[in-house]
Colleague: 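One structure coming up, written as structure tokens, with questions to follow.
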Protein chains: 2
Amino acid sequence: MSTVGLQLRELREKAGFSLRKAAVAIDIDVAILSKMERGERKFSKELVLKLAELYKTNSDKLVIDYLSEKVLYELEEEEFGLEALKVAEKQLKYKKNK
Amino acid sequence: MSTVGLQLRELREKAGFSLRKAAVAIDIDVAILSKMERGERKFSKELVLKLAELYKTNSDKLVIDYLSEKVLYELEEEEFGLEALKVAEKQLKYKKNK
DNA sequence: ATTACCTTTGACAATATTAGTCAACACATA
DNA sequence: TATGTGTTGACTAATATTGTCAAAGGTAAT
């Protein structure tokens, strides 16, 4: 399950766009959008932003979830995934204070 | 800087392997190992494990750092990188208890 | 100064992964 | 039937990753 996909599907429906209309509006093939919403294909950040704009919604949470999914994808099945995340977090915090 | 690269370089030197010998032992081109140790190319997990074994050292920390680097690479320059990590962590913890 | 190592570098080819295109399908409804 | 909906799979194109190779430059010993 892709939460970004589900979120964007809901947003699209609430905004009254058909899959085709939305795809045309952001200039991609309808097949791609269909697959992305269902998690069969990964989103790109660019498309997440375009869709958020199209649906007139704030993109922050969407982007965060998008990144989170990307990270989890890399860590799936990894025994030390959680430890790796903690190390990454520490490094990132440190970097921010540079 | 790649901490995995640096760590593996130190380990190699302590174990008394030349770059060439180590590369031969794990069956890769010496150029690749050279680049990996210096962070010019990404390691694969498989190679990290092979090298750890070659150097007779525990691989856990190396793997964790390897994964952490991979994750940070995806998040570099991302405004919401830290938030994404936290979401990912939460999801991973949840998943572990399934 | 040549031999024998070492590491680094860059150009190139091979492969794998990801992204995009397209046509057809199934479903519903006017 | 005609129109609009979303889904699917096969195919191609583009991009990224990996592997190969030859050559360069360094160091040390003889």
Side-chain angles (χ1 to χ4, degrees), chain A residues 1-52 54-55 62-63 65-78, chain B residues 1-52 54-55 62-63 65-78:
Chain A
M1 132 208 168
S2 158
T3 82
V4 178
L6 293 179
Q7 288 177 68
L8 281 169
R9 169 151 291 192
E10 277 195 23
L11 286 168
R12 174 172 61 77
E13 288 168 347
K14 277 182 187 163
F17 284 92
S18 75
L19 207 50
R20 276 190 168 74
K21 294 272 175 60
V24 167
I26 64 169
D27 194 34
I28 58 168
D29 192 288
V30 64
I32 296 179
L33 186 54
S34 170
K35 286 167 186 167
M36 284 178 170
E37 285 187 354
R38 285 170 301 114
E40 193 181 317
R41 258 193 212 200
K42 281 179 268 178
F43 277 98
S44 70
K45 188 185 168 193
E46 188 199 4
L47 291 185
V48 171
L49 293 175
K50 278 189 182 176
L51 288 172
L54 181 63
Y55 306 148
L62 288 167
V63 169
D65 288 346
Y66 157 73
L67 291 173
S68 164
E69 275 175 26
K70 229 168 76 163
V71 162
L72 285 172
Y73 180 80
E74 302 253 328
L75 261 33
E76 71 183 358
E77 308 301 323
E78 284 296 343
Chain B
M1 131 208 171
S2 157
T3 83
V4 177
L6 292 179
Q7 287 177 68
L8 281 170
R9 168 151 292 190
E10 278 195 23
L11 286 168
R12 174 172 63 78
E13 289 167 348
K14 278 182 187 162
F17 284 93
S18 75
L19 207 50
R20 221 171 267 282
K21 293 270 174 63
V24 167
I26 63 169
D27 194 35
I28 59 168
D29 193 287
V30 64
I32 296 179
L33 186 54
S34 170
K35 286 167 187 168
M36 284 178 170
E37 286 188 353
R38 285 171 300 111
E40 193 181 317
R41 258 191 211 203
K42 280 179 267 179
F43 277 97
S44 70
K45 188 187 169 191
E46 188 198 4
L47 291 185
V48 171
L49 292 176
K50 279 188 182 177
L51 288 171
L54 181 64
Y55 306 149
L62 287 167
V63 169
D65 287 346
Y66 157 73
L67 292 172
S68 163
E69 274 175 26
K70 229 168 76 162
V71 161
L72 285 171
Y73 180 79
E74 302 254 328
L75 260 34
E76 71 183 359
E77 309 300 322
E78 284 294 344

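Atom set for the values below is all heavy atoms of this structure, side chains included, hydrogens, waters and symmetry mates excluded.
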Colleague: Could you give the distance from OG1 (Thr3(B)) to CD (Glu69(B)), rounded to the nearest 0.5 Å?
Modeller: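 That separation rounds to 4.5 Å.
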
Colleague: Among dG19(D), dT8(C), dG6(D), which nucleotide sits nearest the side chain of Arg9(B)?
Modeller: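 Ranking dG19(D), dT8(C), dG6(D) by closest atom to the Arg9(B) side chain puts dT8(C) first.
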
Colleague: Calculate the interatomic distance between Ile28(B) atom CD1 and dT15(C) atom C1'; express it in whole Å.
Modeller: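 Checked: the CD1 to C1' distance equals 17 Å.
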
Colleague: Whole angstroms only, please: what is the CD-P distance between Glu13(A) and dT5(D)?
Modeller: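 Going from CD in Glu13(A) over to P in dT5(D) covers 12 Å.
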
Colleague: Over how many whole Å does the gap from Glu74(B) atom CD to dT18(C) atom P extend?
Modeller: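 So the CD-P distance, Glu74(B) to dT18(C), works out to 10 Å.
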
Colleague: At less than 4.0 Å, is any side-chain N or O atom of Ser34(B) found next to OP1 or OP2 of dT7(C)? Yes or no.
Modeller: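 Answer no for this pair, as no side-chain N or O of Ser34(B) is under 4.0 Å from OP1 or OP2.
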
Colleague: I need the CD1-C1' distance between Ile32(B) and dC21(D), as an integer number of Å.
Modeller: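 After rounding, the gap between these two atoms is 11 Å.
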
Colleague: Hey, which sits more toward the 5' end of DNA chain C by its nearest nucleotide, Ser18(B) or Ala31(B)?
Modeller: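 That would be Ser18(B).
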
Colleague: Please work out if Lys42(B) contacts a base, only the sugar-phosphate, or nothing of the nucleic acid, heavy-atom cut-off 4.0 Å.
Modeller: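 Here Lys42(B) touches the backbone only, sparing every base.
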
Colleague: For Val30(B) and Leu47(B), find the nucleotide of DNA chain D closest to each by heavy atoms; which residue's nucleotide sits nearer the 5' end?
Modeller: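 Result of the comparison: Leu47(B).
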
Colleague: Quick test of your reading of the model: are Glu46(A) and Lys50(A) salt-bridged, counting only N-O distances below 4.0 Å?
Modeller: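 Judged by the 4.0 Å cut-off on N to carboxylate O distance, Glu46(A) and Lys50(A) do form a salt bridge.
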
Colleague: Out of dA24(C), dG19(D), dT8(D), which has the shortest distance to the side chain of Glu40(A)?
Modeller: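 Output: dT8(D).
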
Colleague: dC6(C), dT8(C), dG20(C): which one has an atom nearest the side-chain heavy atoms of Lys21(B)?
Modeller: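 That would be dC6(C).
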
Colleague: Side chain of Lys35(A) only, heavy atoms from C-beta on: which candidate in dA11(C), dG6(D), dA10(D) is closest?
Modeller: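 Closest of the options to the side chain of Lys35(A): dA10(D).
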
Colleague: Between Glu78(A) and Lys45(B), is any pair of side-chain heavy atoms under 4.5 Å apart?
Modeller: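 Side chain of Glu78(A) against side chain of Lys45(B), heavy atoms only: contact under 4.5 Å found.
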
Colleague: From CG of Leu19(B) over to C1' of dT9(C), roughly how many Å is that when rounded to an integer?
Modeller: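 The distance from CG of Leu19(B) to C1' of dT9(C) comes to 13 Å, rounded to the nearest Å.
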
Colleague: Taking only the side-chain heavy atoms of Asp29(A) (C-beta and beyond), determine which of dT9(C), dT21(C), dT5(D) contains the nearest atom.
Modeller: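 Looking only at side-chain atoms, Asp29(A) lies closest to dT21(C).
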
Colleague: Counting heavy atoms from C-beta on, name the nucleotide in dT8(C), dT21(C), dG6(D) closest to the side chain of Arg12(A).
Modeller: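 Looking only at heavy atoms from C-beta outward on Arg12(A), the closest nucleotide is dG6(D).
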
Colleague: Take atom CZ of Phe17(A) and atom P of dG6(D), then tell me their distance rounded to the nearest Å.
Modeller: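 Computing the Phe17(A):CZ to dG6(D):P distance gives 12 Å.
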
Colleague: What's the CZ-C1' distance between Arg20(A) and dA28(C), to the nearest Å?
Modeller: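 After rounding, the reported distance stands at 14 Å.
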
Colleague: Rounding to an integer number of Å, can you tell me how far Met36(B) CE sits from dT9(C) C1'?
Modeller: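 Nearest whole value for this atom pair: 16 Å.
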
Colleague: Looking at Arg38(B), does any N or O in its side chain come under 4.0 Å of the phosphate oxygens OP1/OP2 on dT7(C)?
Modeller: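 For dT7(C), OP1/OP2 do not have a side-chain N/O of Arg38(B) under 4.0 Å.
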
Colleague: Below 4.0 angstrom from OP1 or OP2 of dA19(C), is there any side-chain N or O of Arg41(A)?
Modeller: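 Looking at the OP1 and OP2 atoms of dA19(C), neither is under 4.0 Å from any side-chain N or O of Arg41(A).
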
Colleague: I need the Leu67(B) CG to Leu75(A) CG distance, nearest 0.5 Å.
Modeller: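 Separation between the atoms: 5.5 Å.
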
Colleague: For residues 24-34 of chain B, which residue pairs pass the side chain to side chain donor-acceptor pair (under 3.5 Å) check, not counting sequence neighbours?
Modeller: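 Listed once each, the pairs are Ser34(B)-Arg38(B).
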
